[in-house]
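Notes for the one structure printed next.
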Amino acid sequence: MDKRVNDQFLEELNARGVSRREFLGFCAAVAASFALPGKAEAEIAKAVATKPKPTLVWLEFQDCCGNTESFLRAGQPSAAEIILDLLSIDYHETVMAAAGHRAEEALKKAVEENKGKFIAVVEGSIPTGAGGAYCTIGGRSALSIANEVCSQAGATIAIGTCASFGGLPAASPNPTGALSVAEAVPGLKNLINLSACPANAENLAALLVYWLTFDRWPDLDRYRRPLFAYGKSIHDNCERRAHFDSGQYVEQWGDPGHRRGYCLFKMGCKGPVTFQNCPNIRWNSGTNWPIGCGHPCLGCAEPNFWDSMAPYYNHLALDKTGAQPNIDKVGFWATLGLGGAFAAHAVAKIAGSKSRVIAESAASTSGKGEEA
Amino acid sequence: MTHLVIDPVTRIEGHLRVEAKVEDGKVVDAWSSSTMFRGIELILKGRDPRDAWVITQRICGVCTTVHAIASIRAVEDAIGAVPPPNARVLRNLVIASQCVQDHVVHFYHLHALDWVDVVSALSADPAGTSALAQSISDWHLSSQSYFASVKKRLKGFVDRGQLGPFGNAYWGHPAYKLPPEANLMAVAHYLEALDWQREFIKIHAVLGGKNPHLQSFLVGGMATPVDPNEQASLNLGTIAELRSLVAKARDFVKRVYIPDLLAVASFYKDWAGYGGGVGNYMVYGEYPENDGPDPELFLPAGIIRNRDLTKIEKVDPSKITEFVKHSWYDYPDEGDQGLHPSKGLTSPNYTGPKPPYERLDLDKKYSWLKSPRYDGEPMEVGPLSRMLVAYASGHQQVKELVDGVLAKLGVGAEALFSTLGRVAARGVETLLLANKLDHWVDALAQNMKSGDLRIHDNSKWDPSTWPADATGAGFHEAPRGALGHWVHIVDGVIANYQCVVPSTWNAGPRDGDEKRGPYEESLIGTPVADLEQPIELLRTLHSFDPCMACGVHVLDAEGKEVTRVRVV
């Protein structure tokens with residue numbers, strides 16, 4: 001680590017039971033997440049230790065608080081939560097001590113004093129129906145708060161599928177006119193979507209450290225999601241992939257195949273059309289993940305999954321003609337019919353943005369399961 | 001007379017607004033309003049009922065298991081699926097661990113800052129804190145140097161001038177009674193509890209793949225295979241892991257949470273005289289101990305009226321009605337009459353002030369929550385209701401724990417009907433369940449030993465086995481109280497779905513007879529020392545553990561009438 005890294009920081013980490021070694025291990029893990037070259041590790045460590053705590057404002061609109069709860073579970077690598085502690089979270093309704101107009105003051109102050117620099121995190125969708133009355137805070141509509149706060153932020157993170165894509169409130173028939181952040185506040189600079197229901201805390205931690213270090217977002221896919229976490233399908237990295245390739249499927253809940261960890265494709269798994277790093281980082285400090293516990297993937301990181309992946313226990317269509325070949329024999333050939341999901345990725349730069357955006361060549365159907 | 005508005009009420013789930021009238025330093029009237037709405041029940045219509053739990057689960061990410069449990073029970077009731085013993089035991093483990101985790105997080109992270117002055121902790125003598133900590137518990141983190149390091153960390157935080165989530169609060173308010181040494185101890189445990197909850201909730205990752213939003217529920221059972229000889233199943237290794245997670249959780253509850261609760265409560269005994277509320281308590285009951293339609297429950301169902309612990313009434317769901325006189329919905333006949341959920345309508349009609357607004361029309365409609373009533377009366381639901389019903393029913397363990405807490409604080413049973421009573425009951429329930437968890441781990445191990453590997457009733461999985469028209473109800477005791485889901489299935493898809501949830505019972509507005517809801521009633525008489533800093537109101541509101549996202553209701557975008565399901 002750079003010698004200029006201040007001692008107070010290391011001392012502080014030490015007081016929290018985090019050794020210098022663990023801290024550097026965390027920085028190395030972040031660097032590895034993004035496949036950064038060797039010296040990036042030192043750069044991350046330096047940035048985290050020496051830069052002033054950036055202000056973060058966390059807004060909750062039509063949410064369930066699941067992303068906040070997920071954020072509270074951050075813990076792997078063990079220094080991650082310490083790093084988060086190094087942000088100044090000046091507004092977060094679920095955890096903040098202040099209430100009422102004192103809370104509103106805190107928000108106003110955080111925005112005014114850090115204009116153009118602070119990070120806004122938005123959880124939940126933004127309703128447009130009933131003149132904004134479907135979600136008000138301090139008598140103001142979610143839409144007006146989002147407009148005011150996010151437009152003055154240095155960067156905005158839409159956390160979870162509701163903020164990223166509209167999510168459950170926007171599912172058919174979208175009763176409240178719910179929108180994603182990108183739709184509700186068009187033209188935001190440095191907007192990133194961290195979808196999934198909820199988003200994985202480890203991805204948020206890595207992303208924040210990346211911003212803190214490089215003052216920009218990592219490479220993004222066409223849905224503005226960071227490629228390090230959304231670049232590969234669940235299916236490609238699944239621990240049960242060998243069973244899929246061998247045509248070994250769970251046929252019934254609790255059958256011998258289910259107990260042996262066979263492929264859940266026939267039970268409705270949406271892993272082949274879902275892009276997320278669950279199989280790699282898993283959940284709750286690497287303890288487990290949904291497929292690991294015997295339940296199919298729901299596709300929760302994809303736009304419109306509440307509608308496009310339903311019914312959740314029907315398996316994906318094998319091809320667009322609707323013909324159903326014997327999937328016990330077809331094995332991995334089955335996936336060839338999944339429109340766009342395995343299409344090659346192409347890198348494109350979007351002018352004026354700090355981040356690169358990856359466009360998928362088969363843009364039409366990826367992320368949408370087809371009902372069998 | 002002063003009119004107070006607290007919006008947003010923070011350290012809760014969701015969006016809550018409270019208005020209160022204060023006269024001579026006391027609250028004389030209060031209004032509770034929910035200001036967020038998603039319409040999840042409408043989104044459910046036309047979908048596969050086996051998918052409903054995934055959707056209702058997203059009502060709340062804090063109590064992330066409760067709407068899934070109520071949903072699968074409702075659908076199972078409708079289609080006649082019977083979960084096997086392993087599924088019942090796994091569900092009990094999931095439900096109880098949710099409750100334990102949720103209650104501890106509530107105490108430290110959502111409620112403590114109403115009682116603990118973080119800034120005052122800076123003037124604590126770590127030696128004094130160490131002596132205090134060791135006098136109430138043998139928890140290992142209690143040395144002078146440990147508390148000195150916590151103080152130093154806190155000081156570093158304050159000195160940088162970036163207080164983050166602790167900024168702009170009511171620090172220094174005269175209502176804070178703890179000495180600096182006790183405040184420092186509580187701050188240390190606030191931080192420890194943050195680590196504790198992250199570790200303990202791994203039990204949900206083991207049993208449900210992840211938390212929040214576990215993914216192992218199934219209509220008819222659970223998706224986690226059970227087999228002592230398979231690596232991809234819950235096996236003997238899992239049993240050992242569960243035992244270890246449970247033991248560590250129980251240790252923290254026994255040696256940190258409960259001693260802290262008693263220590264803090266001893267400085268705030270006057271809060272046994274505030275926050276009483278409506279005095280009626282309702283419990284659906286929870287933790288089936290055997291299989292079948294009418295199982296024995298570890299925590300009993302029942303109703304207590306007017307704080308009378310000598311009489312426990314049976315719960316009859318047909319006596320539930322909902323009012324909308326003060327909710328943004330239309331009913332026929334001026335809307336003053338309550339309707340049973342089976343005949344209920346939801347016709348939303350926002351008639352409140354156009355945002356941005358300063359004040360709601362409190363004499364008209366002022367909330368997105370309806371007002372549920374039982375036999376015409378408001379009912380408080382939650383840990384206090386559960387502990388009172390169990391106590392009054394002669395539940396041996398509950399009686400011992402409650403009597404122990406009352407004796408330690410030197411107060412009588414009447415102290416339970418209060419803000420402090422709610423806080424204490426939550427602690428008692430946490431300890432009760434932390435002690436009980438091993439019992440279900442043992443039951444799971446026993447089933448494995450006996451060779452019972454069933455996790456699911458496959459006979460009702462195929463929709464072709466269902467009746468063409470089916471209705472069902474699912475009841476559950478969520479951490480915050482009695483939860484009911486009602487489902488109507490026609491030709492294999494959801495025709496109607498309704499949730500009547502704890503926060504609707506507790507946080508709902510006035511009913512057709514202008515009777516206040518539990519939050520509103522509980523605030524009456526609360527002292528307010530400083531109108532600019534109404535911390536006293538937060539103490540009582542937080543004692544209910546508000547969870548507003550749960551208060552969603554059916555929304556019909558076109559304003560059409562939506563026919564409600566019949567209660568079975």
Side-chain angles (χ1 to χ4, degrees), chain A residues 12 15-16 53 62 64-66 69-70 73 75 88-90 92-100 102-103 105-106 130-141 168-169 171 173 175-176 197-198 252-254 258-261 283-284 287-290 292-295 298 310-313, chain B residues 6-10 13 15 35-39 42-43 48 50-51 54 58 60-62 113 149 152-153 156 162 164-169 198 202 205-206 208-213 215-216 218 221 223-225 227 230 232-233 350 352 354-358 454-456 458 538 549 555 557:
Chain A
E12 207 174 296
R16 300 176 207 179
K53 281 163 72 167
Q62 281 180 307
C64 74
C65 210
E69 286 286 331
S70 185
R73 310 282 186 268
S88 188
I89 302 177
D90 289 3
H92 190 316
E93 285 172 40
T94 304
V95 296
M96 69 194 298
R102 289 285 194 106
E105 273 171 26
Y134 289 131
C135 181
T136 63
I137 298 154
R140 298 173 61 205
S141 70
L168 183 56
T176 60
C197 190
Q252 213 174 40
W253 307 113
H258 195 206
R259 300 204 296 272
R260 284 177 201 139
W283 284 82
N284 301 95
T287 305
N288 204 352
W289 67 302
C293 91
H295 193 280
L298 294 164
Y312 308 131
Y313 296 102
Chain B
I6 309 181
D7 182 5
V9 175
T10 52
E13 197 297 319
H15 304 285
T35 62
M36 192 273 274
F37 195 85
R38 287 170 294 177
L42 184 67
I43 291 167
D48 187 330
R50 296 171 301 177
D51 291 355
V54 185
R58 269 65 182 183
C60 186
V62 177
L113 301 181
S149 75
K152 192 174 167 197
R153 179 181 177 186
Q162 288 182 300
F166 300 130
N168 224 27
R198 188 190 66 230
K202 286 179 181 168
V206 172
K210 63 172 181 154
N211 171 290
H213 296 331
Q215 206 162 309
S216 59
L218 287 176
T224 32
D227 190 333
E230 291 292 350
S233 296
Y350 182 75
K354 190 175 161 20
Y357 56 80
E358 291 296 321
R454 291 171 300 147
I455 52 165
H456 189 254
N458 288 305
L538 293 181
L555 170 66

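Just the heavy atoms: all of them, side chains too, but no hydrogens, waters or symmetry mates, feed the values below. The sequence lines fix the lettering, A, B, ..., with proteins before strands; numbering per chain opens at 1.
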Closest non-hydrogen atom pair between A:Ala98 and B:Gly167, with its separation: CB-O, 3.6 Å
Which answer fits B:Ile455, side chain, backbone, both or neither, if we ask what part of it has an atom under 4.5 Å from a heavy atom of chain A? side chain
Distance, nearest 0.5 Å, that separates OH of A:Tyr313 from CG of B:Asp48: 9.0 Å
Mind checking the OH-OG spacing from B:Tyr357 to A:Ser141? Nearest 0.5 Å is all I need. 10.0 Å
Tightest non-hydrogen contact, residues A:Ala99 and B:Leu538, listed as CB-CD1, 3.8 Å
Measure the OG1-CD distance between A:Thr94 and B:Glu13 for me, rounded to the nearest 0.5 Å. 6.5 Å
Output the distance between atom NZ (B:Lys210) and atom OG1 (A:Thr287), rounded to the nearest 0.5 Å. 14.0 Å
Taking the side chain as everything from C-beta on, heavy atoms only, tell me whether A:Arg140 gets closer than 4.5 Å to B:Pro355. no
Looking at OG1 of B:Thr10 and NE2 of A:His92, how far apart are the two atoms once the value is rounded to the nearest 0.5 Å? 11.5 Å
Counting only non-hydrogen atoms closer than 4.5 Å, does A:His258 touch chain B with its backbone (N, CA, C, O), its side chain (CB onward), both, or neither? both
Which heavy atom of B:Asp51 sits nearest a heavy atom of A:Tyr312, and at what distance? OD2-N, 2.9 Å
Please look at B:Tyr350 and chain A and tell me whether the side chain, the backbone, both or neither of the residue comes under 4.5 angstrom of a heavy atom of that chain. side chain
If you tally heavy-atom pairs under 4.5 Å between each of A:Gly294, A:Cys197, A:Gly132 and chain B, the highest tally belongs to A:Cys197
Given A:Gly254, A:Ala171, A:Ala133, the one with more heavy-atom pairs under 4.5 angstrom with chain B than any other is A:Ala133
Heavy-atom donor-acceptor pair, B:Asn458 side chain to A:Trp253 backbone, under 3.5 Å: yes
Closest heavy-atom contact between A:Thr136 and B:His15? O-CB, 4.3 Å
Any side-chain heavy atom of A:Arg73 sitting closer than 4.5 Å to one from B:Asn211? yes
Looking at A:Pro169 and B:Ile43, what are the two nearest heavy atoms and their distance? O-CD1, 3.8 Å
Okay, B:Asp7 and chain A: the region with an atom under 4.5 Å from a heavy atom over there is both
Using 0.5 Å steps for rounding, measure from the CG atom of A:Asn288 to the NZ atom of B:Lys202. 12.0 Å
Can you tell me which portion of B:Arg454 sits under 4.5 Å from chain A's heavy atoms? Options are side chain, backbone, both or neither. neither
Tell me the closest heavy-atom pair linking A:Ala103 and B:Pro8, and the distance in Å. CB-CG, 4.2 Å
side-chain contact (heavy atoms from CB on, under 4.5 Å) filter on A:Ser70, not counting sequence neighbours, yields A:Pro198, A:Ala201, A:Trp283, B:Pro212
Can you tell which of B:Ala169, B:Ala205, B:Pro225 has the highest number of heavy-atom pairs within less than 4.5 Å of chain A? B:Pro225
Heavy-atom check, side chain of B:Asn168 versus side chain of A:Met96, under 4.5 Å: no
